[in-house]
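Computation of the quantities below employed the complete heavy-atom set of this structure, encompassing side-chain atoms and omitting hydrogens, waters and symmetry-equivalent molecules.
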Amino acid sequence: MDVFSLLTLPETSTAFTALKTPVTENIDGSASPRRKVARLDTDSDISSASRSNHGRLQGPIKLIVTGDNCRLHFTSLDSIVTRFIVTRTGEGDGQSKLLRNLALLQRSLRAILTPLADLGSEDSREVLPTSYHGIYTACRFVVSVANRGEDLYDKLRLELEQSIGRLAISLATTEVVAKGMDDEDDVPVIWLSTFVANCEWFENKISLLVSLLTYLDQVYVVSNPSLVNIRTLAYSLFSERIFESPQVQLRLRTGVSRWIDYERKFHMAHSRRPEILKLVTHLALHNQYHAFETFYIKITREFYAAETAELSQSMSNARNFFGHIMVRIEEEEQRSKDVLPVGSWNVVRQAVEESVGLYVENQDYHSLGTMYRLFKRVDGVKFLIGAFRAYVLVSVPTPSCNHDDHLFQKRVQDCVKDDKDDDKMVDRLLDFKRLADNVITTVYLDEKASPSSSVVTTQTNNDFIYALGDAFTLGFKMRRNKPSEMIAKYLDRVMRKGQGASTDAEFEAVLDSALALYRYTEDKDVFRTFYHRSLAKRLLLQKSASDDFEAAMLKKLKEQYDPEFGMGEDMFKDLALSREFVKEYHSKLDVDSPGRKLSVMVLQRSAWPFTVQKTSVDLPPNVRIGLSTLMPAIDVFFQMQDELTAYDNYYRARHSGHTLDWDHALGTATLMGRFKPGNKELSVSLYQAVVLLLFNVEIEWRYPDILEQTRIDPEELRRVLQSLACAKKKVLKKVPPGRDINESDVFIFNADFDDPRSKIHINSIQAKVSPEESRRTNESIEGDRQYYLDAAIVRIMKARKELTYEQLKTTTIDAVKNHFVPTVDAIKKRIDALVESDYLERSPHDKTKFLYVA
């Protein structure tokens, strides 16, 4: 139904003729002004109109309904609707109205956003040009009727920038006048009250604008996702101009420092403490509280570090010293509860307690010893132990130490969480543990008198040793599995490097220190798996510095740490038997047989951490010395695959029923390379040798051709080519140059390769554990853990028959804790899986109980 139908009245209606208007209109087209009729004339009031129901209006009635850029003219004569005239307002009139409303809104914004500092000036004071309803209506017209919300948004941003800019200048430059002599030192604190008042004013004004400019916020901004709402825009500008101003920051920090110094000096609350609470509220509202908390903690540590150093020298009475510390802690706790959010309470307390850490950082054993004896006299050792445990666990920046040149800045938690320097994790942990051990054995000593003599002996307070262990254990939990993995890799590096110039005792002490860290880990299976794999590589590639130390290490691990390390004994047995069998095989060959250069290790699959290779590799055909650029260091012919087949047949003849699966990934070879500067003996992996021998046929190969000729796994082939063409020893050239291997790359024999040594090792790619290998190993560990949990749960339920979920969970954790500590979620998943597999079932009477299914 259109507007004309709605406004059309029945012809019999007298709605518009029943009441006469006191204003008459001239319908003759003249420009005479309208004339009012006296109120008390005949039929001019309501009662008269009611008495003249049959009267008629004198002159036409005109109703004007203004809508969206259109005007509806309703004209009636003698109570009969005669016509409707719909006219559209002129474009100039609409533009003029838009400009008037925009100007009105801009003046209103300027008046509302006049800063407090300008309100007292008659020149800068802006009078609100209209009512709040007028501002609301103007905003509605601009946004919804004229569709020019972008103009209003731009003007709002401009006015906000100007207002906040004037406010920033005022806060940075305005001097605060002290009311009395006592207030002169409190001027920075008084300024904080001014800052709080301006924050309150600004936030109130923004809340007012959000209400008045509702159409801008809810219509225009909502339809433009790239824009932010009014409050977010205002607060972001406020943070940028106010909180990032160096002058304002300096005044804020100075005011906070003066306030906290006053309260700590006089042991009483400052008269303006409520203003600090308001300040904290405003900072949190503008997402600036973190910077405040950081500064607050910094000055707290500096204050108590200086005070503790002073009192430890000046106070001789232990009870007074301890009492003073407890009073300080109580004061800081109460101040935090009165002013700071809940999340900051423990942070502040920890900052106060950790003043003892400065002595450890500086290795001031004398001061630490004095403090320990004073605390011991007043039964305060437990408090000192808690502070020591917190110090060991968490890193705390100290004002007296530079992070770059101080060795022990990082502590357990940060060393473990720093994933960018995983290779340095164990070295840092060992350095810090060495420091902590020295503190415990040097400082925290108790005197013990012998009952049979007057000799007084000292012994270490074991509570500090337990606290150290707790801190390391808790710190290792920050990254599950990683500390155990890195300890195993550290031991691998040490065993490869050997003892060097150190004595056997010194080298054994290095190994023991790493094993001491292993005691703090809960992921024993991770350490065992990585150590087992590293040991296997060292033995097979003959990279271990000493087999005697390897055997001694395995014995210690088995007897003192984990009985499952007994698998190392089978590994040594396999190597010994393999050497004897190869020696016997060589004795059956001719003196000049190429098979005498072959060395094979036959390994039991159950004792070695290697899986069966899924893909086979094509070994190169016979290579003639006279035609080769790179040749094996043997006579006349090298028949690689034929010799392996011959050895396989000989072994099967001696051990019927046994099957050999060749693992070429762990094989090695020695090649003689002919380069222009001279011949070099290259010690490479078997995969590297397979690739290099291709260049005896052609000096240039494309990557797809190498892949086709060798059938090496693509990922493994890329690593091999990187080691030959992208590492320091480039026996091949890659075109185009670069670190990554692409399918379009071409590889050329580098005839100009040179090295000062005649024997070159480039097979370190086998020895190193790649990130991909670490990932696969960790995935394998997680899979093994599932089977371990399944076995433990079934074994427990078979013995107990019926258990509640809580009982089963606790018993399962206790059963596997010597290997790893499972998460509750992992146990729950394995229980559900066993229920689905019909190993367990839920009790029909109690769903929290599980029954064993025989």
Derivation and outcome, salt bridge (Lys or Arg N to Asp or Glu O under 4.0 Å), residues K424 and D418 | CA-CA 9 Å; K424 299 179 182 179; D418 188 4; over 6 Å; no

According to the interplanar angle, ranging from 0 to 90°, do the rings of [X] and [Y] count as parallel (below 30°), tilted (30 to 60°) or perpendicular (above 60°)?
X	Y	value
F749	F675	parallel
H658	Y651	tilted
W662	Y647	perpendicular
Y518	Y561	tilted

Can you list the steps and then say if V684 with T668 is a side chain to side chain contact (heavy atoms under 4.5 Å, CB included)?
-> CA-CA 6 Å; V684 296; T668 59; over 6 Å; no

Can a cation-pi geometry be assigned to R674 and F753, taking NZ or CZ under 6.0 Å from the six-membered ring centre and within 45° of the ring axis?
->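 No cation-pi geometry.
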
Please confirm whether the backbone N or O of P609 pairs with a side-chain atom of R533, one donor and one acceptor, at under 3.5 Å?
->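 Here the side-chain-to-backbone pair exists.
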
For F527 and L557, what are the C-alpha separation, side-chain angles and deciding distance, and is it a side chain to side chain contact (heavy atoms under 4.5 Å, CB included)?
-> CA-CA 11 Å; F527 174 84; L557 286 170; 4.1 Å; yes

Taking atom types as modelled and ignoring hydrogens, do the side chains of T670 and E681 form a donor-acceptor contact shorter than 3.5 angstrom?
->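 Absent: no donor and acceptor within the cut-off.
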
Under 3.5 Å, is there a donor-acceptor pair between the D570 and Q604 side chains?
-> no

Take F549 and D504 through the test side chain to side chain contact (heavy atoms under 4.5 Å, CB included) and record every step on the way to the result.
-> CA-CA 9 Å; F549 272 112; D504 290 352; 3.9 Å; yes

E522 and K817 ion-paired at < 4.0 Å =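 No, this pair does not count.
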
Looking at side-chain heavy atoms only, is the closest gap between E698 and W701 below 4.5 Å?
->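 Counting from C-beta outward, E698 and W701 do come under 4.5 Å.
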
